[in-house]
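Here's the structure we're looking at; comments come further down.
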Amino acid sequence: MKHLRVDITIFLFSYLIFLFFIRPAQINGGWFNLLDLSISIVDNHSFVLQRPDLYGYCEVSFYKGGFYCGHSHGSIIFLVPLYFISKPFISLLPYLNKLMYLNLLSIIFISIPCSSLCLVILNRILSFYPINSGQRLKTILFAGFGTYFFSFATGESRIPFSFLLIFLIIYLTIVT
């Protein structure tokens with residue numbers, strides 16, 4: 001029970017800190033390709049990008065009259081349901097504002113929770129080693145807020161999910 005209380009505290013503390021320092025992406029091709037692709041999948045039931053001209057045709061391919069995303073489509077698994085749920089609220093916005101709003105939602109509901117869960121799992125991993133709780137807390141705070149992890153947690157949602165899977169695999173390897 002004590003571990004659960006500590007885990008919830010770490011999760012909520014890190015979630016609020018990450019939320020306070022949120023940094024939505026500017027208009028660029030890398031991340032907005034995936035946002036555009038998720039909107040296209042929900043609205044048009046197609047993988048053809050709707051508006052690649054908004055972000056300069058960056059990392060797109062042209063095939064049979066349509067532009068396609070040049071990124072791996074793994075994070076679309078999370079972006080499509082997020083856009084589908086929020087679609088009634090943002091359907092009247094201009095297209096560029098839809099991208100910005102979906103970007104903000106993806107950070108709040110995908111990137112930050114994944115990053116906070118990483119810190120909780122890191123706490124569980126460190127509990128297997130003979131260090132006291134003060135050193136463990138310092139390590140968690142440094143890992144979460146003093147490395148590139150902080151930058152990834154407050155931005156795009158692809159990398160924190162990868163971190164979450166890596167930390168989860170390490171934890172399950174240690175536990176079993």
Spatial distance of atom [atom1] ([X]) from atom [atom2] ([Y]) [nearest 0.5 Å]:
X: L122; Y: T139; atom1: CG; atom2: OG1; result: 7.5 Å
X: L35; Y: S38; atom1: CG; atom2: OG; result: 5.5 Å
X: I140; Y: L126; atom1: CD1; atom2: CG; result: 5.5 Å
X: F21; Y: S151; atom1: CZ; atom2: OG; result: 13.0 Å
X: C114; Y: I107; atom1: SG; atom2: CD1; result: 12.5 Å
X: L137; Y: N132; atom1: CG; atom2: CG; result: 10.0 Å

Please check: side-chain N/O of [X] versus main-chain N/O of [Y], any donor-acceptor pairing under 3.5 Å?
X: S111; Y: T154; result: no
X: S40; Y: L37; result: no
X: T173; Y: I169; result: yes
X: S116; Y: Y15; result: yes

How about [X] and [Y]: do any of their side-chain heavy atoms sit closer than 4.5 Å?
X: F149; Y: F18; answer: yes
X: L119; Y: L141; answer: no
X: L117; Y: L168; answer: no
X: Y95; Y: L99; answer: yes

Let's go through L104 and I22 carefully: what are the C-alpha distance in whole Å and the side-chain angles of both, what is the deciding distance for side-chain contact (heavy atoms from CB on, under 4.5 Å) to 0.1 Å, and is it a yes or a no? CA-CA 9 Å; L104 189 64; I22 198 168; 3.8 Å; yes

Are [X] and [Y] joined in one hydrophobic group, where the rule is that I, L, V, M, F, W and Y side chains link up if heavy atoms are under 4.5 Å apart?
X: I108; Y: L12; value: yes
X: I170; Y: F142; value: no
X: I85; Y: L102; value: no
X: F89; Y: L92; value: no
X: L16; Y: I10; value: no

How close do [X] and [Y] get, heavy atom to heavy atom, and via which atoms?
X: I121; Y: F167; value: CG2-O, 3.4 Å
X: A153; Y: I112; value: O-CG1, 3.4 Å
X: K98; Y: D43; value: NZ-OD2, 4.1 Å
X: R124; Y: L4; value: NH2-N, 4.3 Å

Measure the acute angle between the ring planes of F150 and F145, then classify it against the limits of 30° and 60° as parallel, tilted or perpendicular. perpendicular

Relative to the ring of F128, is the ring of Y171 parallel (under 30°), tilted (30 to 60°) or perpendicular (over 60°)? tilted

Full working for side-chain contact (heavy atoms from CB on, under 4.5 Å) between S115 and F163: CA-CA 8 Å; S115 302; F163 278 153; over 6 Å; no

Does S46 form a side-chain contact (heavy atoms from CB on, under 4.5 Å) with I41? I'd like the steps, not just the answer. CA-CA 5 Å; S46 143; I41 288 172; over 6 Å; no

Determine, stepwise, if the pair Y148 / I159 fulfils side-chain contact (heavy atoms from CB on, under 4.5 Å). CA-CA 11 Å; Y148 264 133; I159 297 171; over 6 Å; no

Per ring-ring contact (aromatic ring centres under 6.0 Å, His included), F78 is matched among F109, Y83, F161 by F161

Atom NZ of K87 with >12 non-hydrogen neighbours under 6.0 angstrom: yes

